[in-house]
Amino acid sequence: VAIQAAIDATPRGGTVYLPPGVYRTSAQLVLPPRTTLRGSHAPHWPQYANDNPGVSSCIRALSGYAGTALVRILDKAGGGWAEDYMSAARIVNLTLDGGNFGSGVAGIYATGQCVDIGLTDVCINNMSGRGLRTDTLSTLQPKGWQLTRVAVQSCAGASFYHANTGGADFAVTDMSYDNCWSGASEDNGWHFDSALSVDLLGCRSEFNAGYGYYLAGNSRARFVDCDTDRNTKSGFYLECQGTGSRSILLSGCLANRDG
């Protein structure tokens, strides 16, 4: 409640800063447009966070958590925003820990036309659902996201999951993943129902119960210097179907000990 009150009181273009510590929550946080939620530090591998006590900033679910996500990103209609778009929100240097509480709880869940969202040095851990989850709404999709050094580990669903239940042309468009990591999820590391102009650069997917990277639909995407290791299913699984042009580039990629 206190964190949401601070977010709501922050003027557009402002930053809510969480000093090092663990912040327990029983309700999801809703991030408005042009607002930054910033911590002090987030570990790339959360199992080593205890090596630096008092350094990391972590939002952790309380027992009995019943929200759909720790952080919710809503489009204009869903959030009732005055702006034309839900855009330019940022999350930086922050760990989201679900504690495996609830059912199907995501770390971050965005729906509809949420544009130009940036995640940098974010760690998502122990979610009872997906790590990062997006979905289309009323034929509109998230687009223009930039994810840099985002690590997702030990989630009950896919680490990065992009669905298209809203009937858009693509699940996501114009999205970039730079040096992101998926580990030990109970589903795929990355899952795209479809994608247009999506780049994965230097990403790693390992120890997942599904595929390392799963891409379907009428998609156009680039995988550059990405690798996999010891996923239960194939490292790269491309099931692209439908009409229209499809171009998938894999350059400098390595699949190791999968399947």
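Throughout, numbering of the chain's residues begins at 1 and tracks the sequence.
The minimum heavy-atom distance between S182 and G189, with the atom names listed, is OG-CA, 3.2 Å. Considering all non-hydrogen atoms of both residues, A158 and S185 come closest at CA-OG, 4.3 Å.
Atom CD of Q146 sits about 10.5 Å away from atom CG of D174, to the nearest 0.5 Å.
Residues in residues 134-161 take part in these ring pair (Phe, Tyr, Trp, His ring centres under 6.0 Å) pairs, two or more places apart or across chains: F160-Y177, F160-W190, Y161-H191.
The side-chain contact (heavy atoms from CB on, under 4.5 Å) search around V22 returns R24, C58, R60, not counting sequence neighbours. Take A168 and apply the side-chain contact (heavy atoms from CB on, under 4.5 Å) test, not counting sequence neighbours, and it matches T136, Q141, N164. Residues meeting the side-chain contact (heavy atoms from CB on, under 4.5 Å) test with D229, sequence neighbours left out: R204, E206, N256, R257. A255 is linked by a side-chain contact (heavy atoms from CB on, under 4.5 Å) to T228, F236, D258, counting only residues two or more places apart in sequence or in another chain.
Under the 6.0 Å distance and 45° angle rule, R72 counts as a cation-pi partner of Y109.
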Using the side-chain hydrogen bond (donor to acceptor under 3.5 Å, both in side chains) rule, take S57 and S40 through it: C-alpha gap first, then chi angles, then the decisive distance, then the call.
-> CA-CA 6 Å; S57 299; S40 64; 3.1 Å; yes

Tell me, with the steps shown, if K143 and Y85 meet side-chain contact (heavy atoms from CB on, under 4.5 Å).
-> CA-CA 11 Å; K143 60 182 180 179; Y85 298 99; 5.9 Å; no

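Here the options are L96, V30, V122, T25, the test is side chain to side chain contact (heavy atoms under 4.5 Å, CB included), and the partner is V71; only L96 passes.
Other residues sharing a hydrophobic cluster with Y214 under the 4.5 Å side-chain heavy-atom criterion for ILVMFWY residues are Y211, Y237.
With hydrogens and angles ignored, the 3.5 Å screen pairs no side-chain donor or acceptor of D187 with any backbone N or O of A209. Listed for the T36 side chain is no donor-acceptor partner under 3.5 Å among the backbone atoms of R90.
Taking 4.5 Å as the limit, every side-chain heavy atom of V150 sits out of range of all side-chain heavy atoms of D121.
Note on E83 versus K76: no salt bridge recorded, every NZ/NE/NH1/NH2 to OD/OE distance being 4.0 Å or above.
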